[in-house]
Peer 1: 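Below: one structure in structure tokens.
Sequential numbering from 1 along the given sequence is applied to the chain's residues.
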Amino acid sequence: MTRNLLDIVDLDADELSLVLDLAQRPALPRVLDGQGAALIFEKPSNRTRHSMEMAVVQLGGHPVYTRGEEVGLDVRETVEDVTRVMAGYHGLLAARVFQHDKVVRMAACSPVPVVNMLSDHSHPLQGLADVLTMQQVHGSLVGQTVAYVGDWNNVSRSLAEACVMLGAHVSLGCPVGYHAPDEELERLAGLGVGSIRQSHRGADAVRGAIAVHTDTWTSMGQEAEKAERVKVFEGFGVDETLMAHALPGAGFYHCLPAYRGYEVAAEVIDGPHSHVIQQAHNRLHAARGVLAFLFGVR
Ligand code: CP
Ligand code: NVA
């Protein structure tokens with residue numbers, strides 16, 4: 001059966017642990033030897049493009065970067081026509097899309113694995129790198145509190161899924177109107193041995209946390225809402241005052257790109273407890289681990 005990674009929950013808890021193990025193995029078989037990988041981007045990227053391209057190369061394959069406008073998903077031709085055609089050239093299809101439904105439709109008709117490289121719904125490759133980095137820095141996440149302060153969005157959803165599946169207690173601090181709905185909290189609580197709670201104050205959210213995450217207040221595609229969001233998110237920036245409510249020495253994490261002075265203060269992201277560069281570098285290892293998994297390495 002073809003496996004895909006559209007969301008973290010496409011993996012079960014054992015598979016998630018296996019992917020994290022594969023990500024750290026010194027050598028992996030060249031499962032993409034002689035095969036292409038189509039990487040379609042409807043939005044800009046630094047980390048995702050470079051880490052995926054290099055992961056494909058390290059597994060023996062050949063990445064083909066493709067701008068969204070070139071193929072025009074549902075504009076020049078349908079998602080299904082693009083997918084079926086490209087699957088004849090490539091062993092792997094991956095896409096960064098505005099609407100999550102496009103990667104779902106790709107996976108529904110693709111005979112080769114499909115990877116979501118960020119949608120409006122989720123960012124599973126980022127979630128993998130996030131938990132990999134926290135495990136390297138803090139050890140097992142079982143029973144640890146992981147806080148996320150900011151927008152309930154693609155990044156926080158994938159982070160929360162991965163953390164709960166690994167046994168962490170996730171603590172969200174999101175402004176009203178930009179928070180996780182109750183049905184999402186219930187779904188997440190049912191995912192694993194961890195738990196999830198939500199407050200509407202950053203200081204409450206980070207209490208007892210070993211790790212504090214945030215993300216931009218204005219995601220790609222929401223630029224028109226920026227002024228309104230900056231007003232609503234006032235008080236949700238991660239600065240040293242907020243970090244003082246977390247455990248002493250708590251780590252700071254951000255998927256990047258970061259906007260200093262908005263969701264995070266320079267003193268925190270550029271400070272001694274920031275792990276954002278290690279986190280970004282782990283995007284490569286996480287991508288290599290999950291591609292190896294999708295191609296059958298166990
Ligand atoms: N974190 C992340 O996905 O970065 P890029 O948008 O640069 O790929
Ligand atoms: N939430 C952000 C993440 C960027 C990597 C966005 O979707 O733009």
Side-chain angles (χ1 to χ4, degrees), residues 1-41 45 47-66 79-80 82-97 100-119 121-133 135 154 157-159 161-162 165-166 191 282-298:
M1 190 186 72
T2 304
R3 295 293 302 263
N4 306 300
L5 183 77
L6 305 188
D7 282 298
I8 292 286
V9 293
D10 289 344
L11 306 168
D12 66 27
D14 289 342
E15 291 171 340
L16 173 57
S17 294
L18 172 60
V19 166
L20 297 172
D21 173 61
L22 292 172
Q24 299 188 91
R25 284 197 198 159
L28 287 169
R30 290 166 63 85
V31 288
L32 283 170
D33 205 14
Q35 299 193 65
L39 310 180
I40 303 169
F41 284 87
S45 174
R47 281 145 290 272
T48 306
R49 175 182 178 180
H50 286 265
S51 60
M52 280 291 282
E53 288 206 19
M54 291 316 300
V56 168
V57 167
Q58 290 176 4
L59 293 172
H62 179 88
V64 178
Y65 170 78
T66 308
V79 165
E80 285 76 14
V82 172
T83 303
R84 292 192 188 108
V85 168
M86 282 193 167
Y89 311 139
H90 298 287
L92 172 78
L93 305 181
R96 167 168 284 198
V97 294
H100 187 70
D101 182 53
K102 285 188 181 168
V103 285
V104 173
R105 284 167 55 204
M106 286 178 84
C109 69
S110 177
V112 303
V114 173
V115 171
N116 171 14
M117 298 193 294
L118 180 148
S119 68
H121 181 73
S122 55
H123 196 2
L125 294 169
Q126 184 66 52
L128 293 174
D130 294 348
V131 291
L132 178 61
T133 312
Q135 286 183 340
N154 46 11
R157 179 177 284 105
S158 293
L159 170 69
E161 288 178 353
M165 287 170 69
L166 292 172
L191 283 182
N282 272 329
R283 291 292 309 274
L284 169 59
H285 307 302
R288 198 176 55 242
V290 79
L291 295 188
F293 172 81
L294 295 177
F295 283 84
V297 181
R298 295 296 182 264

Peer 1: Answer yes or no: is there a side-chain heavy-atom contact under 4.5 Å between T2 and P111?
Peer 2: no
Peer 1: Between atom CZ of R298 and atom CG of L18, what is the distance when rounded to the nearest 0.5 Å?
Peer 2: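 One finds 6.0 Å between CZ of R298 and CG of L18.
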Peer 1: How far apart are the closest heavy atoms of A286 and L128, and which atoms are they?
Peer 2: CB-CB, 3.9 Å
Peer 1: Does L11 reach the side chain of V19, with side-chain heavy atoms less than 4.5 Å apart?
Peer 2: yes
Peer 1: Give the minimum heavy-atom separation between V114 and A107, together with the two atoms involved.
Peer 2: CG2-CA, 3.8 Å
Peer 1: Flag the pair R288 / L284 as yes when at least one side-chain heavy-atom distance between them is below 4.5 Å, and no otherwise.
Peer 2: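 Yes; the side chains approach each other to less than 4.5 Å.
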Peer 1: Donor-acceptor pair, T66 side chain versus I40 backbone, under 3.5 Å?
Peer 2: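 Absent.
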Peer 1: Let me see the working for Q126 and L159 under side chain to side chain contact (heavy atoms under 4.5 Å, CB included), right down to the final yes or no.
Peer 2: CA-CA 8 Å; Q126 184 66 52; L159 170 69; over 6 Å; no
Peer 1: Looking only at heavy atoms, what is the nearest atom pair of I8 and M165, with distance?
Peer 2: CG2-SD, 3.8 Å
Peer 1: Roughly how far, to the nearest 0.5 Å, is the NE2 atom of H100 from the CZ atom of R157?
Peer 2: 9.0 Å
Peer 1: Could you walk me through whether K102 and S119 pass the side chain to side chain contact (heavy atoms under 4.5 Å, CB included) check?
Peer 2: CA-CA 9 Å; K102 285 188 181 168; S119 68; over 6 Å; no
Peer 1: Would you compute the distance between atom CZ of R283 and atom CG of D130 and round it to the nearest 0.5 angstrom?
Peer 2: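 R283 atom CZ to D130 atom CG measures 8.5 Å (nearest 0.5 Å).
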Peer 1: Compare all side-chain heavy atoms of C109 with those of R84 and state whether any distance is below 4.5 angstrom.
Peer 2: yes
Peer 1: Does the side chain of L5 reach to within under 4.5 Å of the side chain of F293, using non-hydrogen atoms?
Peer 2: no
Peer 1: State, to 0.1 Å, how close L6 and N116 come at their nearest heavy-atom pair, and which atoms those are.
Peer 2: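 Heavy atoms only, the tightest pair is O-ND2, 2.9 Å.
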Peer 1: For a 4.5 angstrom cut-off between non-hydrogen side-chain atoms, does V31 reach L291?
Peer 2: no
Peer 1: Provide the closest heavy-atom pair for A55 versus A287 in the form atom of the first, atom of the second, distance.
Peer 2: CB-CB, 3.8 Å
Peer 1: Quick check with a 6.0 Å cut-off and a 45 degree axis cone: is R49 positioned over the face of Y65's six-membered ring?
Peer 2: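 Pair R49/Y65 counts as cation-pi.
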Peer 1: Before giving the answer on side chain to side chain contact (heavy atoms under 4.5 Å, CB included), spell out for L191 and E161 the whole-Å C-alpha distance, their side-chain angles and the decisive distance to 0.1 Å.
Peer 2: CA-CA 7 Å; L191 283 182; E161 288 178 353; 3.9 Å; yes
Peer 1: Compare every heavy atom of P113 with every heavy atom of G91, then report the nearest pair and how far apart it is.
Peer 2: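 Looking at all heavy atoms of both residues, the closest pair is O-CD, 3.4 Å.
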Peer 1: Measuring from L20:CG to L16:CG, what's the distance to the nearest 0.5 Å?
Peer 2: 5.0 Å
Peer 1: Does the side chain of V97 come within less than 4.5 Å of M106's, by heavy atoms?
Peer 2: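 No, their side chains stay 4.5 Å or more apart.
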Peer 1: Any donor-acceptor pair under 3.5 Å linking the side chain of E15 with the backbone of D12?
Peer 2: yes
Peer 1: Apply side chain to side chain contact (heavy atoms under 4.5 Å, CB included) to S45 and R96, showing your working.
Peer 2: CA-CA 9 Å; S45 174; R96 167 168 284 198; 3.4 Å; yes
Peer 1: For the pair R3 (side chain) and G296 (backbone), establish whether a donor and an acceptor sit closer than 3.5 Å, ignoring hydrogens and angles.
Peer 2: no
Peer 1: Indicate yes or no: at least one non-hydrogen side-chain atom of V103 is less than 4.5 angstrom from one of H121.
Peer 2: no
Peer 1: As an exercise, state the distance from NE2 of H285 to CD of Q24, rounded to the nearest 0.5 Å.
Peer 2: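 Those atoms lie 8.5 Å apart.
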Peer 1: First locate atom NE2 of H90, then atom CG of L32, and finally report the distance between them rounded to the nearest 0.5 Å.
Peer 2: 11.5 Å
